Amino acid sequence: MASMTMKLGSKSEVFHRDGQTWLCSTGLPSDLVVEVGEMAFHLHKFPLLSRSQVIENRINDYSSEDDEKCVLQFHDLPGGAKTFLLVAKFCYGIRLELTALNIVGIRCAAEYLQMTEDRGDGNLIMLSESFLNEMFGHWTDTIKALETCKEFLPYSEELHIFSRCIDSLAMKACADTNLFSWPLPENGIAQCPEGNHVLWNGICSTAKPQPLSEDWWYEDASLLRLSSYKRLILAVESRGMKPERIAGSVVHYAKRHLSLLCRQSSFQGRNHAAPRSLVSHPSDADQRNLLEEIVALVPTQKGATPTNFLLRLLRTSMVLQARPSCQDKLEKQIGAQLDQAALEDLLIPNVGYSMETLYDIDCVQRILDHFARVDNEPLDPSNYIIDEGQLMGGSHPLTPMTMVATLVDGYLAEVAPDVNLKLPKFQSLAAVIPDYARPLNDGIYRAIDIYLKAHPWLTDSEREQICSLMNCQKLSLEASTHATQNERLPLRVIVQVLFFEQLRLRTSIAGWLFVTDNLENSQNPNGNLDNAGNNTRVGAVRDHLVEADDIMERVSVLEKECSGMKEELEKLVKAKRGWNLFLKKLGFRSKSKSIDPKTVKSCLLIQKNQSP
């Protein structure tokens with residue numbers, strides 16, 4: 001859609017430039033010189049004083065001893081020589097066009113020169129106001145005019161041109177796109193079928209325009225200066241726009257103007273920020289100020305802004321060394337919606353001076369602590385109790401806390417290979433998650449195993465401490481099988497895993513045998529099964545018996561492994577009597593070839609006493 005214009009005047013061009021001078025070739029000698037900046041305009045008194053009260057007053061106040069030309073100086077005229085040339089053409093009646101790019105300057109200059117209706121009908125103030133009021137109905141032209149307002153401060157503010165542009169844009173951005181479509185620039189114009197005409201409000205003359213999406217204004221808004229964009233966001237917020245839409249616009253604006261934002265990623269992505277020596281335009285200081293302003297515009301409502309975007313903002317703020325208050329706001333906002341984060345976004349490279357660890361563990365710790373403070377979900381233990389089928393299948397209820405638990409376990413597994421990661425930091429991160437939030441402990445077991453592998457110098461006491469972070473009773477069958485053969489785990493932990501796995505298998509056997517008995521008792525009193533259900537029931541019994549045989553074989557293997565461990569321990573007792581106390585705590589008896597419930601209970605008590 002073409003930009004709107006207003007044509008003024010009817011006379012041909014009479015102005016021509018000679019260096020730093022503009023001459024008016026009307027055939028009459030010039031009797032007035034107007035100096036604007038470094039430019040001099042050789043004009044005539046009457047056309048100008050007939051339109052401007054200020055010029056008339058200046059001419060009346062001017063005195064010359066040698067009858068030289070009257071010289072007036074307007075060095076502070078809004079728009080300078082470029083705008084004054086347009087004003088002069090208007091006074092001479094020469095053809096010119098009012099457009100969105102020059103209207104703000106012309107309106108401010110007309111006010112400065114007091115070109116009111118008192119000097120004659122159809123003066124420049126009235127005409128420029130008429131054009132502005134019509135222009136505010138056009139989205140694209142209003143955007144153009146808004147961007148020129150900064151050049152004419154403070155006049156554009158005093159005349160409320162800036163605020164009227166903002167209000168016009170905010171009204172259109174908040175409008176219901178299902179009711180009508182505002183005209184947009186080329187990248188977002190409401191299209192009509194070929195051959196149809198589009199009116200100013202987006203309505204086609206012969207066909208209905210295609211509806212606009214709610215983000216239609218993001219691209220145009222992202223082209224605004226920061227000062228204008230801030231005013232626009234505050235205006236749409238005051239009009240009740242949804243926080244999600246505001247956040248979408250802020251994300252779009254940040255991606256366009258923060259050059260480091262899209263280049264921040266984890267080490268796994270092999271996509272690091274460019275070295276600072278290569279970043280020349282814009283400067284780090286400008287980018288830092290821009291980032292802090294953008295962070296201030298981010299809606300604070302939980303979930304309104306994507307968590308991955310907040311985490312990228314946080315990374316960028318660290319690289320640019322933004323103010324602590326800026327980083328603190330981001331960390332708190334991320335913590336409030338941490339359950340929506342992805343693991344890859346949480347892997348924040350350490351850009352601090354110490355560079356103690358590869359990733360910024362302390363930052364994630366602060367985010368996690370804040371999540372723990374703001375997470376107010378009621379604790380209902382029944383929601384976190386899982387039965388045997390859920391444990392075997394891996395399914396468990398999803399709540400914000402359980403999702404964060406999965407996220408933390410994955411994060412610990414990623415940072416565990418770092419040899420500089422100290423045990424207290426690992427423990428501190430893992431301990432934030434309560435035991436009930438980990439229905440399955442496979443994740444934390446995997447992280448612990450990776451950490452033990454990367455830190456082989458840990459003492460037995462430290463290995464005991466880190467293993468106390470997991471609940472052996474909540475390991476899946478696959479994890480339990482791996483743990484029983486894991487030489488990196490303390491012996492006590494391996495024995496506990498064996499006990500709990502045997503108990504779980506025996507419980508399963510008892511349940512399946514109970515089902516088998518029920519199937520046998522479901523026969524009719526005469527001992528005959530219904531012909532339709534006979535085959536199904538017999539097949540079910542056969543399947544359960546096969547599974548029971550497999551489990552019994554597994555139990556037998558476990559008992560043999562436990563018996564072998566007991567024999568190894570007895571050999572160690574001969575060399576060191578201190579092992580006797582360890583055996584008693586584990587509940588071993590010399591004549592036992594299997595594990596009874598009392599032994600299981602003893603191990604449970606040991607685990608409970610040593611857990612944090």
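Quick caveat, the model's predicted, so the values are computed rather than measured.
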For Asn308, all residues meeting side chain to side chain donor-acceptor pair (under 3.5 Å), sequence neighbours excluded: none
For Ser428, all residues meeting side chain to side chain donor-acceptor pair (under 3.5 Å), sequence neighbours excluded: Gln365
Set of ring pair (Phe, Tyr, Trp, His ring centres under 6.0 Å) partners for Tyr229, sequence neighbours left out: Tyr253
Can you see which heavy atom on [X] is nearest to which on [Y], and at what distance?
X      : Y      : result
Met241 : Ala173 : CE-O, 3.5 Å
Leu458 : Arg463 : O-NE, 3.4 Å
Ala322 : Gln327 : O-NE2, 3.4 Å
Arg315 : Ile348 : CG-CG2, 3.9 Å
Ala430 : Leu469 : CB-CD1, 3.8 Å
Ser480 : Leu475 : OG-CB, 3.5 Å

With [X], which residues qualify under salt bridge (charged side-chain N to carboxylate O under 4.0 Å, His left out), at least two apart?
X      : answer
Glu462 : none
Asp369 : none
Asp328 : Lys332
Glu237 : none

Looking at [atom1] of [X] and [atom2] of [Y], how far apart are the two atoms once the value is rounded to the nearest 0.5 Å?
X      : Y      : atom1 : atom2 : result
Asp339 : Thr406 : CG    : OG1   : 11.0 Å
Arg492 : Asp460 : CZ    : CG    : 12.0 Å
Lys474 : Tyr436 : NZ    : OH    : 10.5 Å
Thr357 : Asn420 : OG1   : CG    : 7.5 Å
Phe309 : Leu314 : CZ    : CG    : 11.5 Å
Ser259 : Asp286 : OG    : CG    : 10.5 Å

Return yes if some donor-acceptor pair links the side-chain N/O of [X] with the main-chain N/O of [Y] below 3.5 Å, else return no.
X      : Y      : value
Glu292 : Arg323 : yes
Gln333 : Pro299 : yes
Asn289 : Ala285 : yes
His455 : Leu423 : no
Gln287 : His257 : yes
Arg446 : Ala413 : no
Ser249 : Ile246 : no

Residues Ser476 and Asp442: side-chain donor-acceptor under 3.5 angstrom: yes
Does some side-chain heavy atom of [Y] sit less than 4.5 Å from a side-chain heavy atom of [X]?
X      : Y      : answer
Ile450 : Leu412 : no
Val250 : Ile294 : yes
Thr399 : Met403 : no
Asn441 : Arg438 : yes
Trp457 : Val419 : yes
Lys329 : Val295 : yes
Leu313 : Leu261 : yes
Leu368 : Leu338 : yes

Could I get the full list of side chain to side chain contact (heavy atoms under 4.5 Å, CB included) partners for [X], not counting sequence neighbours?
X      : value
Lys422 : Glu356, Pro424
Asp449 : His482, Asn486, Arg488
Arg366 : Glu331, Asp362, Cys363
Gln337 : Lys302, Thr307, Leu310, Gln340

Side chain to side chain contact (heavy atoms under 4.5 Å, CB included) evaluation trace for Asp360 with Val364: CA-CA 7 Å; Asp360 197 331; Val364 176; 5.9 Å; no
Verdict with reasoning, Leu311 to Ile334, per side chain to side chain contact (heavy atoms under 4.5 Å, CB included): CA-CA 7 Å; Leu311 283 164; Ile334 294 168; 3.5 Å; yes
Inter- and intrachain pairs under ring pair (Phe, Tyr, Trp, His ring centres under 6.0 Å), touching residues 405-434, at least two apart: Phe426-Tyr451
